[in-house]
Amino acid sequence: MEIPLGPPKQRAVLAVLLLQEGRPISYDGLVEALWGGAPPVHVRNLVQKYVSGLRRALGDGAELAWTGSGYRLTGVQADDLRRRRELVAEALTARDAGELHRATELAGRAEELWRGEFAEGLHAPYLAAERLRWAEKRLTVLEARLAGRIELGHSFEYVHELVRLVAAHPLRERLSELLMLALYRAGRPADALTAYEAVRQRLAEAMGTDPGPGLRSLHARVLRQDPAPAPGDATGVAVGGAVEVGVGVGVGVGVSVE
């Protein structure tokens with residue numbers, strides 16, 4: 001259920017505590033997470049104020065306690081985090097069992113649980129770093145879903161989505177690789193080679209590097225007109241990769257009090 005959790009900085013405190021997953025975080029660690037190296041003058045009073053506010057908001061079902069070594073939050077969790085972990089784990093199990101349809105469906109359901117930007121509207125150095133990691137995990141799940149759909153024979157219908165994604169993430173090699181593969185499997189090898197040349201130029205201009213082994217391998221196979229490889233043949237990308245540790249705490253935080 002939705003619980004009103006107070007002003008943005010108080011919600012940021014909650015986000016930081018939830019990310020500890022029941023482990024205590026020291027007072028200094030919490031201050032560093034919220035304000036970095038430039039805390040306000042009356043920071044101790046502010047921390048106490050936000051902790052007290054969260055205790056009132058969360059009620060009796062949760063416990064936000066000082067353990068002697070730090071603040072620890074128990075009895076409350078982010079529902080989206082728990083469910084997403086379950087879906088990613090199930091997708092990995094299905095993939096390992098060769099159940100590609102089910103693995104792809106589960107990866108898609110996990111992707112749907114991302115609602116907006118991580119910790120949207122909450123400003124804290126710790127959350128900013130977590131936001132970047134969260135965005136990377138989201139892209140990884142998206143890539144897994146697209147790879148599964150291509151493997152299941154839906155290359156043509158995902159070309160346009162991949163073109164859009166490559167435009168949004170021009171230096172992300174995995175997306176360019178999937179675009180090349182979708183084009184090749186859709187009977188458009190010339191366009192696949194054009195996509196390779198475009199990403200090669202982008203990488204050279206922006207980073208002074210060549211494409212990685214996955215792209216180079218796929219490029220060689222297209223040139224040889226080899227049978228279209230599976231989406232993971234060149235790079236071995238799995239459905240989910242490492243399971244993320246993150247929590248969707250936005251302007252209106254959705255948490256479950258046990």
Side-chain angles (χ1 to χ4, degrees), residues 5-41 43-44 46-51 53-54 58 62 64 66-67 69-74 76-89 107 110-144 165 168-175 206-207 209 212 237-238 240-256:
L5 295 167
K9 190 60 78 173
Q10 183 167 297
R11 298 201 300 274
V13 173
L14 175 62
V16 172
L17 291 170
L18 283 170
L19 287 169
Q20 309 315 303
E21 299 185 288
R23 299 181 300 270
I25 181 171
S26 69
Y27 167 79
D28 289 339
L30 184 58
V31 170
E32 179 73 18
L34 294 169
W35 288 281
V41 175
V43 63
R44 188 170 294 276
L46 286 173
V47 169
Q48 292 174 349
K49 172 186 174 182
Y50 296 141
V51 167
L54 286 174
L58 295 173
L64 175 47
W66 174 258
T67 67
S69 60
Y71 290 103
R72 182 174 62 195
L73 178 64
T74 56
V76 59
Q77 60 186 344
D79 292 331
D80 55 350
L81 171 61
R82 182 184 69 245
R83 184 55 183 150
R84 183 162 46 254
R85 280 180 164 170
E86 292 172 352
L87 287 169
V88 171
E111 184 189 347
E112 290 172 359
L113 290 178
W114 268 276
R115 296 184 293 273
E117 188 178 56
F118 170 77
E120 185 176 3
L122 304 182
H123 303 289
Y126 183 87
L127 298 180
E130 192 69 18
R131 193 173 290 121
L132 292 175
R133 195 172 67 84
W134 188 261
E136 170 64 26
K137 292 296 183 183
R138 184 174 189 173
L139 278 173
T140 299
V141 173
L142 172 62
E143 290 165 347
L165 288 167
H169 306 278
L171 300 180
R172 192 171 180 91
E173 294 190 42
R174 178 57 173 162
L175 288 173
M207 305 174 65
T209 62
V237 172
V243 177
E244 79 282 354
V245 178
V247 55
V249 181
V251 175
V253 182
V255 298
S256 173

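A33 approaches A124 most closely through the heavy-atom pair O-CB, 3.4 Å. Residues G121 and P8 approach most closely at O-CB, 4.3 Å, considering heavy atoms. Smallest separation of non-hydrogen atoms from L122 and A15: CD1-CB, 4.4 Å. Listed here is the closest heavy atom pair of S26 and G29: OG-N, 2.9 Å. A107 and V141 get closest at one heavy-atom pair: O-CG1, 3.4 Å. Of all non-hydrogen atoms in P125 and G36, the two that sit nearest each other are CG-N, 3.5 Å.
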Item to check | Intermediate values then yes/no, side-chain contact (heavy atoms from CB on, under 4.5 Å), R44 and Y27 | outcome: CA-CA 9 Å; R44 188 170 294 276; Y27 167 79; 3.3 Å; yes

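Note: E32 CD to I25 CD1 = 10.0 Å, rounded to the nearest 0.5 Å. With rounding to the nearest 0.5 angstrom, the CG atom of L54 is 12.0 Å from the NZ atom of K49. For the atom pair CZ of R72 and CG of L17, the computed distance is 12.0 Å after rounding to the nearest 0.5 Å. The distance from the CG atom of L34 to the NZ atom of K9 is 5.5 Å, given to the nearest 0.5 Å. To the nearest 0.5 Å, atom CG of residue L175 and atom NE2 of residue H169 are 6.5 Å apart. One distance of note links CG of L30 with OH of Y126; it measures 10.5 Å at 0.5 Å rounding.
With a 4.5 Å cut-off on side-chain heavy atoms, Y71 and V13 do not count as touching.
When the shell of 6.0 Å around CZ of R131 is examined, it contains more than 12 heavy atoms from other residues, nucleotides or ligands.
One finds a salt bridge joining R172 and E136 here, because a Lys/Arg side-chain nitrogen approaches an Asp/Glu carboxylate oxygen to under 4.0 Å. A salt bridge is defined here as a Lys NZ or Arg NE, NH1 or NH2 lying under 4.0 Å from an Asp or Glu carboxylate O, and E130 with R133 meets this definition.
A donor-acceptor pair is defined here as one N or O able to donate and one able to accept, closer than 3.5 Å; no such pair exists between the side chain of E143 and the backbone of R174. Side chain of Q10 to main chain of L5: a donor-acceptor pair is present (N/O by atom type, distance under 3.5 Å, no hydrogens or angles).
When each of L19, L18, V51 is checked for a side chain to side chain contact (heavy atoms under 4.5 Å, CB included) with L73, only L18 meets the rule.
Using cut-offs of 30° and 60° for the angle between ring planes, the W35 and Y50 rings count as parallel.
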